[in-house]
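Ligands are counted one by one from 1 in listed order, and the atoms in each one are counted from 1 as well.
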Amino acid sequence: MLDPGIDAGGGPTLRIRKDVPLAPLTTLGVGGAARFFAVVKDEARLAEALAFARRAGVPVFALGGGSNLVVSDGGFAGMVVKMAIPGIEPDAERPGRVSVGAGVEWDEFVRYCVRRGLAGVEALSGIPGSVGGAPVQNIGAYGQEVGDAIACVYACDVATGEVVRLGRRACAFGYRSSVFNGGGRGRRIVTRVVFDLAPGGAPVLGYAELQRLFAQRPAPTLRQVREAVLGLRKAKGMLRDPDDPDSRSAGSFFKNPVIAPGEFGALEEDARRRGVLAPQEAVPHFAAPGGGVKLSAAWLIEHAGFHKGHRRGRAGISRKHALALVNGGGATAGEVLGLARAIQAGVRAAFGVELDIEPVVV
Ligand SMILES: Cc1cc2nc3c(=O)[nH]c(=O)nc-3n(C[C@H](O)[C@H](O)[C@H](O)COP(=O)(O)OP(=O)(O)OC[C@H]3O[C@@H](n4cnc5c(N)ncnc54)[C@H](O)[C@@H]3O)c2cc1C
C-alpha cells in the first residue's frame with residue numbers, strides 16, 4: 001500500500017500514498033479509495049500536500065475522524081489529507097484560552113477541559129471526530145454548541161496555501177452550519193482552533209434530559225455532567241464503541257427540519273387527514289432561532305413507518321436511535337444512501353417535509 005515512489009516535491013517528510021481505502025478511516029465504514037493520501041502533522045506538510053495536489057490538478061479533501069462522512073463507492077479521485085496536527089496548548093497569560101491542533105481527538109480535548117475545570121464543552125462529551133472537524137458543522141448536543149466556546153479558527157486557504165485567522169463572527173456559526181460547510185465547503189482546511197472556556201464555570205444544563213437527571217442534585221460538577229452525557233449517549237448508540245453495532249454510523253443522518261410557523265398548522269392538519277396522526281395527537285416541535293419551528297427528524301421518521309432496527313439489505317436504522325443509519329456489516333455507500341432516499345420519500349409523503357442529510361457525501 002505504501003508508495004514511496006511519489007515525490008511530494010518540496011520536502012522529504014511528506015509521504016503520499018496511492019489508492020488508500022477510506023472505509024476503515026470512517027465510522028460508517030463504507031466507500032472506495034482515495035487516489036492520493038497523506039497524513040499531515042503540521043502546517044508546512046499541509047502546504048506541501050496542497051502544492052502536490054495543485055501540480056497534479058486534483059481536488060483536495062480534508063479528513064478528520066471520518067465520523068460525519070459517507071464515502072461513495074467510487075472513492076475520491078483526488079488528494080485526501082488526513083489532519084493529524086497535534087497539541088493542546090493553554091495560554092499562560094489568559095486563563096481559559098486554549099489553542100488546539102486540528103488533529104486532536106475531540107473527546108480527548110473535552111476530557112482535558114473537564115479535568116481542569118474549564119467549562120464550555122462538557123455537554124459535547126463523547127462526540128466522535130477531530131477538533132478540526134468540530135467547527136465545520138458547529139457540533140452540538142445537550143444544549144451546547146461548539147461555536148459558543150470558540151474564540152477563533154486558523155485555517156489554510158486551499159487555493160492559495162495561506163493560513164488565515166477567522167474570529168468567531170467570521171466563522172458564521174449556525175445550526176449545524178458555519179463558513180466551513182455549505183457554500184464554503186472545501187475552501188479552507190482548519191489547522192488549529194482557539195477556545196475561550198470559563199475557568200471554574202458551571203456546566204450547562206440546557207436540555208430536558210439532563211435537567212431531569214440533575215433535578216435532585218443541584219450544582220453538578222463538570223465531571224458529573226460529562227459522565228451523565230456519556231451515559232445518555234451510550235444508551236442511544238451515539239458513543240463510538242467497536243462492540244456496539246448500532247454505533248457503526250455517521251451519527252444523526254438527518255438534520256431536524258425547520259419550517260415557517262405558518263406551515264406548521266397545515267402540516268398537522270394534513271397529517272391527521274392522511275391518518276398519519278391520531279385526532280388528539282400533536283407533532284412535537286420547538287422554537288428555532290429566527291422564528292422558525294424546528295421538528296424532530298427522529299419523530300417524523302418513526303411516524304412515517306421507519307422504525308428503529310429497520311433493515312434494508314446490509315444497511316439499516318440503529319436499534320437505539322431512529323436518526324442513525326448503520327452499516328449492518330459489509331454495506332455499500334449505495335445501500336446506505338438508498339435507505340436514506342427511501343426515508344426521505346416516506347417523510348415527504350407522510351408530512352410534506354424535506355429531510356436534509358447531515359453527513360458529507362464524498
Ligand atoms: C456515533 C456518532 C455520534 C455523533 N454525535 C454527534 C452529535 O451529538 N452532534 C454533532 O454535531 N455531531 C455528531 N456526530 C457527527 C460527527 O461526530 C461530527 O460532525 C464531527 O465533528 C465530525 O468531525 P470529523 O473530524 O470526524 O470530520 P470528518 O467526518 O472527517 O469530516 C466531516 C466534514 O468536515 C470536514 N473536515 C474535517 N476536518 C476538517 C478540517 N481540519 N478542516 C476543514 N474541514 C474539515 C471534512 O472535509 C468533511 O467535510 C456524531 C457522529 C457519530 C458517528
Polar side chain donor-acceptor pair, N181 to Q137, under 3.5 angstrom
no
Which residue and non-hydrogen atom of the protein lie closest to atom 28 (P) of ligand 1, and at what distance in Å?
G66 N, 3.6 Å
Output for pair (E302 CD, L300 CG), nearest 0.5 Å, gives 10.5 Å
Which residue and atom name correspond to the protein heavy atom nearest atom 9 (N) of ligand 1, and how close is it?
G140 O, 2.8 Å
Note: heavy atom closest to atom 12 (N) of ligand 1, options R233, R240, Q137, K82, belongs to Q137
Quick test of your reading of the structure: of V361, I127, L63, whose heavy atom lies closest to atom 13 (C) of ligand 1?
I127
Check ligand 1 against A134 and write out every atom of the ligand that is under 4.0 Å from a heavy-atom position of the residue.
21 (O)
d(R272 CZ, E281 CD) to nearest 0.5 Å is 8.5 Å
Over 60° means perpendicular and under 30° means parallel, so classify the ring planes of F306 and H310, tilted if in between.
perpendicular
Check ligand 1 against A250 and write out every atom of the ligand that is under 4.0 Å from a heavy-atom position of the residue.
51 (C), 52 (C), 53 (C)
Check ligand 1 against M83 and write out every atom of the ligand that is under 4.0 Å from a heavy-atom position of the residue.
41 (N)
Decide whether an N or O pair under 3.5 Å exists between S247 and ligand 1.
no
Is any N or O atom of N68, backbone or side chain, closer than 3.5 Å to an N or O atom of ligand 1?
yes
Check each atom of ligand 1 against the heavy atoms of I189 and keep those under 4.0 Å away; list them by number with element.
42 (N), 43 (C)
Could you tell me the separation between the CZ atom of F253 and the CG atom of L337, rounded to the nearest 0.5 Å?
5.5 Å
Could an N or O of ligand 1 be found under 3.5 Å from any N or O of G65, whether backbone or side chain?
yes
Distance check, rounded to the nearest 0.5 Å: T191 atom OG1 versus E43 atom CD?
4.5 Å
Residue part near ligand 1, for M238, under 4.0 Å between non-hydrogen atoms:
both
For residues 338-352, which residue pairs qualify under side chain to side chain donor-acceptor pair (under 3.5 Å), counting only residues two or more places apart or in two chains?
R348-E354
Are D157 and R188 close enough for a salt bridge, meaning some N to O gap below 4.0 Å?
no
Any N/O pair A141/ligand 1 closer than 3.5 Å
no
dist L239:CG -> L232:CG (nearest 0.5 Å) comes out at 10.5 Å
Of the protein's non-hydrogen atoms, which lies at the shortest distance from atom 16 (C) of ligand 1, and what is that distance?
S67 OG, 3.2 Å
Relative to each other, are the rings of F195 and W106 parallel, tilted or perpendicular (30° and 60° limits)?
tilted
Taking distance alone, with no angle check, do T27 and ligand 1 share an N/O pair under 3.5 Å?
no
Which protein heavy atom lies closest to atom 45 (C) of ligand 1, and at what distance to 0.1 Å?
V136 CG2, 3.7 Å
Heavy-atom distances under 4.0 Å are what count here, so tell me which part of P359 touches ligand 1: side chain, backbone, both or neither.
neither
Using a strict 4.0 Å cut-off to heavy atoms of G129, name the atoms of ligand 1 that fall inside it.
23 (O), 24 (P), 25 (O), 26 (O)
One pair to check against salt bridge (charged side-chain N to carboxylate O under 4.0 Å, His left out): K320 and D244. What are the steps and the verdict?
CA-CA 10 Å; K320 303 191 181 93; D244 179 2; 2.8 Å; yes
Nearest-neighbour protein heavy atom for atom 41 (N) of ligand 1, which is reported as residue plus atom name and distance
V190 O, 3.0 Å
For atom 32 (C) of ligand 1, the option (of V131, I139, L69, V40) bearing the nearest heavy atom
L69
Which atoms of ligand 1 sit under 4.0 Å from any heavy atom of R188?
43 (C)
Neighbour count above 12 (heavy atom, 6.0 Å) for R54 CZ
yes
Taking every heavy atom of G292 against every heavy atom of V258, the minimum-distance pair comes out as CA-CG1, 4.0 Å
I need the nearest protein heavy-atom contact for atom 48 (C) of ligand 1: residue, atom name and distance, please.
F61 CZ, 3.7 Å
Per-atom contacts of ligand 1 with G133, taking only distances under 4.0 Å to non-hydrogen atoms:
21 (O), 23 (O), 25 (O), 37 (C), 38 (N)
Would you mind checking which non-hydrogen protein atom is closest to atom 46 (C) of ligand 1, with the distance to 0.1 Å?
A62 O, 3.1 Å
Would you list the atom pairs, donor with acceptor, under 3.5 Å between side chains in residues 197-212 and any protein atom, with sequence neighbours excluded?
residue, atom, partner, partner atom, Å
E209, OE1, K236, NZ, 3.0
E209, OE2, K236, NZ, 3.3
Q211, NE2, L205, O, 2.7

Does a salt bridge link K255 with D356, judged by any charged N lying under 4.0 Å from a carboxylate O?
no
What protein heavy atom sits nearest atom 49 (O) of ligand 1, and how far away is it?
R185 NH1, 2.8 Å
